[in-house]
Amino acid sequence: MTLSLTSIIAKIASVDLFKRNSSTGNIETGIFIGRPFHIDYEKAYILVADSWKLKAKGIPQGSFLLAYYENEDDVYEVILLRVVKPAKLPTDNDVISSMIEYYKDNLKTSGKESQLDSYTKYEFSFSGLECRILGTFYKDDKGCTRFGADVENFYSAHNYRVIKPNPDVLELIVNFREEGITGKPTDIKIGKVRYSSSLRFQAQEYDVPVFVSPKDFLGKRTALFGMTRTGKSNTVKKVIQATVSMSDKAAFTLNSKLNGSAVANLEPLTEDGLPKYPVGQIIFDINGEYANANMQDEGTAIFEIYKNRTIRYSTLNKDDFKVMKVNFYRDVESGFELIRSHLGLETADYVKSFLSIDLEEPKDKSDFSATTRYERKKAAYLCCLYKAGFIVPNDFKVKFQGQKELNQLVKEDGSIDPNKGISLEEASNWFTTIWENYNHDFFSDYKKSKGREWADEDLKALLIFLTRKTQPSGKATINGYIKLRDIAILHTETVGKPFEEEIIEELRKGQIIIVDLSQGDPEIQRLYSERICRQIFADAMNRFIQNTPNNFIQFYFEEAHNLFPKKDDKDLSQVYNRIAKEGAKLNLGLIYATQEVSSISSNILKNTQNWFIAHLNNEDETKEIKKYYDFGDFTESLVRFSADSDKGFVRMKTYSNAFVVPTQIDRFSK
């Protein structure tokens, strides 16, 4: 029989961690496996016997144990342990010496025909376990079970009895919330407890479900690390599916009129832990596996399951996709931002000067001087685009202020007059001639009479870029506008609302946006990803400043190492670092997946709250992951992997859980 989520949560909540047998007084929450022979604030060392292990169906590395204090009946306290590795017993040297002697005498030491006496068999059966202390379960003054992530006090080791928890108790342990409750009906089942790759004993056990809270992911940072084909994408899809489920239960839209104070209106979650507004999700799909159907999906592609709420964008013209291109001639500022990103790593002085020009339109239209300078700069910039091969819209002309003397410099009859509007070909010739004759008396006289040059620094930078000449009388020695040719593929002749604005509008409605970057080169992928992220971040910041509610927007990055700043990159102004550090207050969540922990900026890693770690194949990666939470207990097991059975086997640490839980993530399905 399949229980409802509400029934499961109620069942977990009814479990008593301190249940005792009324007649014997013994704890009845699991199977006895041993007693500690040393205990401190960090570790416990347990004496176990082979018969106890067999009765408990094995004690896998990473499994949870409970150490009960049994010296007094009215002490409701139990220490949570995790098995880390074998421990040496004080008697091990004597046992090993005896074993070697038996081996030398060629005596049979195992099986029905064992030649060991009963006392020796008994001595040989004991071994030690080193366990990490994860914290303490206890009852507070009101009788409620609480958990603290440390040990407030410990007693002599002989006062404790260690058990392997039964399934119901284990279910309580892995789903316990820091508020002291076991969860709410809004929690989402994401998988089941799994301790090891080998499943001989575990296959005989009941499945213990693992739940996550909506609060763990909404507006938080989540990392998924693991080699290819270890189940990262499946986990991402589970998170997307869970987020859709939560979003569908939102009670309001961003345009709803809410009663109460501004603070209450800005609170993104209801008292039940559900998002108040629909959750927008945007997926940056480097490999195209979310935006396009592929064989591994088996009908579970995100865009197919959520057709009515998914909008796909691409850099190419494709059926059922919106095209992500900018009309560089109409949307000047957006186009120039893409150029700035494209040339951001250039070190040449003339390129830096070009990128620093201000193409923002003057706000004061009555300022004739500022408007004149802006129109010249804009025209010169558009000429650079034209020379670089950006296709010009039909009948497109530029218009700007030009003096009669200058028009005659360009053409003797002065017929090329920019005041009346001229083509970009004519404008290019006009500006080129002006720069080549910039030593003309007109310009020196202009400076004497006006106290400033005819061409300001921005216009000079543009003229150098357009003519490819750093000096008016020199030769074309620099690349100039040629550097823009690679980005011309991002230009479109169509006129419409910029795609970034469309994306933000749909995200505010709670839609799923998939940005297909699979058919663009790495530079194009980076440009579009950064551009969209910056626009969303700026919109969220603007709403925050204006005291307007932000709905949750979740960013998903596959193959994040292709887009994120590298480990040694200290530039905190990059948009991904800003989302990681400032996104929480703006209700911006970040979910990123990659094969390499060591490739991600430490600024992002340090702000990550949720971790899903699958198979890592080298020591560099395990050393990096060891720095965070208690993943150091799993570094050895993370390098072991069975391709046939270990997909989706992760070590999971979520925001509301105080410790790592080894989990088999459920397979994503409709």
Side-chain angles (χ1 to χ4, degrees), residues 326-340 343 350-387 390 392-393 395-410 414 416-424 426-435 437-467 472 481 484 495 497-498 500-501 534-535 538-539 541-542 545-546:
V326 174
N327 189 317
F328 279 69
Y329 293 106
R330 306 289 186 187
D331 192 359
V332 174
E333 290 186 50
S334 293
F336 191 54
E337 282 299 316
L338 287 173
I339 288 174
R340 276 179 169 158
L343 300 179
Y350 80 92
V351 177
K352 290 181 179 178
S353 297
F354 171 74
L355 297 181
S356 66
I357 65 175
D358 181 11
L359 285 175
E360 184 178 356
E361 191 171 355
K363 293 182 174 61
D364 185 2
K365 303 297 183 183
S366 63
D367 188 340
F368 178 77
S369 178
T371 302
T372 298
R373 290 194 299 272
Y374 168 73
E375 293 296 342
R376 285 177 186 156
K377 285 190 297 183
K378 178 181 173 182
Y381 165 70
L382 297 181
C383 288
C384 293
L385 299 180
Y386 167 72
K387 296 289 283 185
F390 288 68
V392 183
D395 301 322
F396 187 83
K397 293 183 182 295
V398 291
K399 186 177 181 180
F400 57 93
Q401 187 72 29
Q403 284 86 347
K404 181 179 179 180
E405 297 92 325
L406 298 183
N407 296 341
Q408 290 173 341
L409 269 180
V410 176
I416 300 179
D417 186 359
N419 289 289
K420 299 176 181 178
I422 56 177
S423 68
L424 286 176
E426 291 172 323
S428 298
N429 292 335
W430 195 94
F431 281 116
T432 299
T433 304
I434 294 304
W435 184 240
N437 290 274
Y438 201 68
N439 295 324
H440 192 275
D441 291 342
F442 170 86
F443 298 104
S444 57
D445 293 341
Y446 184 95
K447 185 174 182 180
K448 289 178 182 178
S449 63
K450 300 288 187 179
R452 63 176 185 273
E453 289 196 42
W454 179 86
D456 60 18
E457 292 303 316
D458 281 359
L459 184 56
K460 280 185 179 180
L462 285 162
L463 295 178
I464 290 171
F465 209 78
L466 175 65
T467 62
Y481 64 80
L484 303 181
V495 179
K497 183 181 293 185
E500 308 100 309
E501 292 183 19
R534 276 199 299 268
Q535 292 294 319
D539 179 74
M541 182 64 77
N542 186 54
I545 292 170
Q546 294 179 358

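Hydrogens, waters and symmetry mates play no part in the numbers below; they use all other heavy atoms, side chains included. Just so you know, these numbers come straight off a predicted model, no measurement behind them.
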inquiry  = side chain to side chain contact (heavy atoms under 4.5 Å, CB included), that's the test. Do L409 and H440 meet it? Break it down for me.
reply    = CA-CA 9 Å; L409 269 180; H440 192 275; 3.7 Å; yes
inquiry  = Determine whether a donor-acceptor pair (N or O, by modelled atom type, separation under 3.5 Å) exists between the side chain of S444 and the backbone of D441.
reply    =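 Answer holds: yes.
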key: N437 side-chain N/O to T433 backbone N/O, donor-acceptor pair under 3.5 Å   =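 Yes; judged by distance alone, with no hydrogens or angles, the pair exists.
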ask   = Step by step, would you call L382 with L424 a side chain to side chain contact (heavy atoms under 4.5 Å, CB included)?
value = CA-CA 7 Å; L382 297 181; L424 286 176; 4.0 Å; yes
Spacing of [atom1] belonging to [X] relative to [atom2] belonging to [Y], to within rounding of 0.5 Å:
X	Y	atom1	atom2	value
I339	E337	CD1	CD	10.0 Å
Q408	D417	CD	CG	10.5 Å
F465	F354	CZ	CZ	4.5 Å
K387	T467	NZ	OG1	10.0 Å
C383	F431	SG	CZ	5.5 Å
R373	L459	CZ	CG	10.5 Å

Any non-hydrogen side-chain atom of [X] less than 4.5 Å from a side-chain atom of [Y]?
X	Y	answer
N419	F400	no
P418	N407	yes
L463	T432	no
L462	L466	no
W430	L406	yes

Heavy-atom pair with the smallest gap, counting every atom of [X] and [Y]:
X	Y	value
L355	R340	O-NE, 2.8 Å
Y329	L385	OH-C, 3.7 Å
Y374	P362	CG-CD, 3.5 Å
E375	K399	OE1-O, 3.6 Å
A461	I357	CB-CG2, 4.2 Å
S428	Y386	OG-CD2, 3.6 Å

task = Report yes if the distance between the aromatic ring centroids of F328 and F390 is under 6.0 Å, otherwise no.
result = yes
query = Who passes side-chain hydrogen bond (donor to acceptor under 3.5 Å, both in side chains) against S423, sequence neighbours left out?
reply =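 With sequence neighbours excluded, S423 shows a side-chain hydrogen bond (donor to acceptor under 3.5 Å, both in side chains) to E426, given in chain and number order.
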key: side chain to side chain contact (heavy atoms under 4.5 Å, CB included) between E457 and S353, worked out   = CA-CA 8 Å; E457 292 303 316; S353 297; over 6 Å; no
task = Measure the acute angle between the ring planes of Y381 and F336, then classify it against the limits of 30° and 60° as parallel, tilted or perpendicular.
result = perpendicular
ask   = Should the pair Y438 and W435 be assigned to parallel (<30°), tilted (30 to 60°) or perpendicular (>60°) ring geometry?
value =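 Geometry flag for W435 against Y438: tilted rings.
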note = Only residue of R376, K377, K378 satisfying salt bridge (charged side-chain N to carboxylate O under 4.0 Å, His left out) with D458 is K377
task = Go through the steps to decide whether R452 and S369 satisfy the test side chain to side chain contact (heavy atoms under 4.5 Å, CB included), and finish with yes or no.
result = CA-CA 12 Å; R452 63 176 185 273; S369 178; 3.9 Å; yes
ask   = Quick one: do E360 and K363 make a salt bridge, cutoff under 4.0 Å?
value =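 A salt bridge links E360 with K363.
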